[in-house]
*Asks:* 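My structure is below; once you've seen it, I'll send some questions.
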Protein chains: 2
Amino acid sequence: MPAYRGAMRFSKDSSAGYLVNDLARRFAAALQARIKPLGLSTGVFPVMVQLWEDDGLTQTELVRRIGVEQATMANTLARMQRDGLIARRRSKADGRVQEIRLTDRGKSLRGPAIDAALAVNDTALSSLSPEEREQFLGLMGKIIRTFDDGEGAAADD
Amino acid sequence: MPAYRGAMRFSKDSSAGYLVNDLARRFAAALQARIKPLGLSTGVFPVMVQLWEDDGLTQTELVRRIGVEQATMANTLARMQRDGLIARRRSKADGRVQEIRLTDRGKSLRGPAIDAALAVNDTALSSLSPEEREQFLGLMGKIIRTFDDGEGAAADD
DNA sequence: GGCATATACATAGCTAGCTATTATATTGCT
DNA sequence: AGCAATATAATAGCTAGCTATGTATATGCC
């Protein structure tokens, strides 16, 4: 019996972090299964979504929009280029910057890929009522905002 | 304008999968920040939780309880051993099996580590009312069960 | 013009997950 | 007893995230 008070109980089934992590893996696996046949993977998907909206973005802008680290994005883009999803071209206005453009193949995947993502969400939430789905999305948004708020301000204990 | 119907709209802010993935990364980062000083990391945490409950489990049993792939567990355990959290001893009853036991250091981390996890959950959910927290956990449980149900039965389209 | 600083991106090296394969020990059947 | 089948764990090799650091181009100031 450890001396710490309150630390005795830790049930994974009532730990938000535990469940969120579990859920994320399941969502990822489900999406993976549906988009792998298209030649896509989960890490690539958010980038494609942005490029389908606005082709020709820079790496920095993708990083800003997707919220992943720059190094992560650099590696993801390298794989995407290797796999023929994008092409990169140095800007002549600024030699540091690269415009990232979808290849024709990349463009062509928009419809089926988004359908796949929608299907995953729909299947996953199939046991929830419309109100519950709203609740779920709303609560997640609220939690994400909480994380964002406590970002610069180190409101420790 | 692609020909696919329904594929036009895809807002990440209303995609459960997108948000869950985002949330998982934030939870993991928050936990990491709190347990790294203890010499723990996120992947190790679930294993420690099980061993704090039942020391001496086998790899197979940990895999079963945590729901991660056997290869993932093997690697995690290797790091844990390297870092002095566990020791492994071959069972003399069955030479294939290893009993996994916490070191004294591993045992000693229980209190502070669980406190850290509880604090992360509490902070993350701080903007939710008690009812909302219940809802959130309940909805996640429901979704996880949905995933579990559609596991063997390929109820495709 | 030249140098310090800042910006954009790449690289190295880590954890953590995955699939697929291999190695080793046990069990079961004949 | 011997061999096939099974069970346990390890290894190889991939994606995807992270931190820290390196490299190249721009920009600002003197």
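Just so we're on the same page: letters track the sequence lines, and every chain starts at 1. Values reported hereafter were calculated over all heavy atoms of this structure, with side chains retained and with hydrogens, waters and symmetry mates removed.
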*Asks:* Heavy atoms, side chains only, cut-off 4.5 Å: are B:Val49 and B:Pro46 in contact?
*Replies:* no
*Asks:* Check whether B:Ser126 reaches the backbone of B:Thr123 with its side chain - one donor and one acceptor, N or O, closer than 3.5 Å.
*Replies:*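 The answer is yes, because a donor-acceptor pair under 3.5 Å joins these two groups.
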*Asks:* Just grab all the ring-ring contact (aromatic ring centres under 6.0 Å, His included) pairs involving residues 49-72 of chain B, residues at least two apart or on different chains.
*Replies:*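 Counting only pairs at least two positions apart or across chains, no ring-ring contact (aromatic ring centres under 6.0 Å, His included) contact touches residues 49-72 of chain B.
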*Asks:* Could you check whether A:Gln70 gets within reach of a base, just the sugar-phosphate, or nothing at all, counting any heavy atom under 4.0 Å?
*Replies:* base
*Asks:* For A:Lys36 and A:Val97, find the nucleotide of DNA chain C closest to each by heavy atoms; which residue's nucleotide sits nearer the 5' end?
*Replies:* A:Val97
*Asks:* Check the pair A:Asp115, A:Arg34 against salt bridge (Lys or Arg N to Asp or Glu O under 4.0 Å), reporting the backbone distance first and the verdict last.
*Replies:* CA-CA 10 Å; A:Asp115 283 351; A:Arg34 293 210 185 232; over 6 Å; no
*Asks:* For DNA chain C, what residues of residues 57-65 of chain B have any heavy atom nearer than 4.0 Å?
*Replies:*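 Here the set is empty: none.
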*Asks:* Taking the side chain as every heavy atom from C-beta outward, state whether A:Leu128 and B:Thr146 have any pair of such atoms under 4.5 Å apart.
*Replies:* no
*Asks:* My understanding is that only residues two or more places apart in sequence, or in another chain, count here; which of them pass ring pair (Phe, Tyr, Trp, His ring centres under 6.0 Å) with B:Phe147?
*Replies:* A:Phe27
*Asks:* How do B:Ala71 and B:Asn21 order along DNA chain D: which one's closest nucleotide is nearer the 5' end?
*Replies:*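 Final value for this comparison: B:Ala71.
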*Asks:* Measure the angle between the two terminal helix axes of the helix from C:dG1-D:dC30 to C:dT30-D:dA1, five base pairs each, and quote it to 10°.
*Replies:*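 Between the axes fitted at each end of the helix from C:dG1-D:dC30 to C:dT30-D:dA1 lies an angle of 10°.
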*Asks:* Give a yes/no on whether any side-chain N or O of B:Gln32 is located under 4.0 angstrom from OP1 or OP2 of D:dT19.
*Replies:*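 So the side chain of B:Gln32 is outside the cut-off, no N or O lying under 4.0 Å from OP1 or OP2 of D:dT19.
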*Asks:* Can you tabulate the close N/O pairs, meaning under 3.5 Å, that link protein atoms to atoms of nucleotides 3-7 of chain D?
*Replies:*
unit_1, atom_1, unit_2, atom_2, d
D:dA7, O4', B:Arg96, NH1, 3.1

*Asks:* Sort and list the pairs that fulfil ring-ring contact (aromatic ring centres under 6.0 Å, His included) and have at least one residue in residues 88-135 of chain A, not counting sequence neighbours.
*Replies:* none
*Asks:* Would you call A:Leu57 and A:Asp54 a side-chain contact if the rule is heavy atoms closer than 4.5 Å?
*Replies:*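 Side chain of A:Leu57 against side chain of A:Asp54, heavy atoms only: contact under 4.5 Å found.
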*Asks:* Applying ring-ring contact (aromatic ring centres under 6.0 Å, His included), which residue pairs with at least one partner in residues 76-134 of chain A are found, sequence neighbours left out?
*Replies:*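 For residues 76-134 of chain A, and leaving out neighbouring residues, there are no ring-ring contact (aromatic ring centres under 6.0 Å, His included) pairs at all.
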*Asks:* First and last nucleotide of DNA chain C touching chain B, 5' to 3', heavy-atom cut-off 4.0 Å?
*Replies:*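 That gives a stretch of C:dT15 to C:dT26.
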*Asks:* Strictly below 4.0 Å, heavy-atom distances to any atom of DNA chain D: list the hits from residues 77-89 of chain B, or just say none.
*Replies:*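 Per residue number, the list reads B:Arg88.
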*Asks:* Set out, in order, the CA-CA distance, both residues' side-chain angles and the distance that settles salt bridge (Lys or Arg N to Asp or Glu O under 4.0 Å) for B:Glu99 and B:Arg101, then state yes or no.
*Replies:* CA-CA 6 Å; B:Glu99 287 176 13; B:Arg101 302 208 157 271; 3.5 Å; yes
*Asks:* Taking ring-ring contact (aromatic ring centres under 6.0 Å, His included) as the cut-off, I'd like each qualifying pair that reaches into residues 68-96 of chain B, sequence neighbours left out, listed once.
*Replies:* none
*Asks:* Within a strict 4.5 Å, meaning less than it, do heavy atoms of the A:Thr72 and A:Glu69 side chains meet?
*Replies:*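 Yes; the side chains approach each other to less than 4.5 Å.
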*Asks:* Of B:Val44 and B:Asp94, whose closest DNA chain C nucleotide lies nearer the 5' terminus?
*Replies:* B:Val44
*Asks:* Just list the side-chain donor-acceptor pairs under 3.5 Å for residues 79-86 of chain A, sequence neighbours left out, or say none.
*Replies:*
unit_1, atom_1, unit_2, atom_2, d
A:Gln81, OE1, A:Arg88, NE, 2.9
A:Gln81, OE1, A:Arg88, NH2, 2.8

*Asks:* Can you tell me how far P of D:dA12 sits from CG of B:Asn75, to the nearest Å?
*Replies:* 10 Å
*Asks:* State which residues pass salt bridge (Lys or Arg N to Asp or Glu O under 4.0 Å) with A:Arg145; sequence neighbours excluded, sorted by chain then number.
*Replies:*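 In terms of salt bridge (Lys or Arg N to Asp or Glu O under 4.0 Å), with neighbours along the sequence ignored, A:Arg145 is linked to no residue.
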*Asks:* Do A:Arg26 and A:Asp22 touch side chain to side chain, with heavy atoms closer than 4.5 Å?
*Replies:*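 Touching, per the 4.5 Å side-chain cut-off.
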*Asks:* Checking side chain to side chain donor-acceptor pair (under 3.5 Å) between A:Gln59 and each of A:Gln70, A:Gln98, A:Arg64, which is the one that passes?
*Replies:* A:Gln70
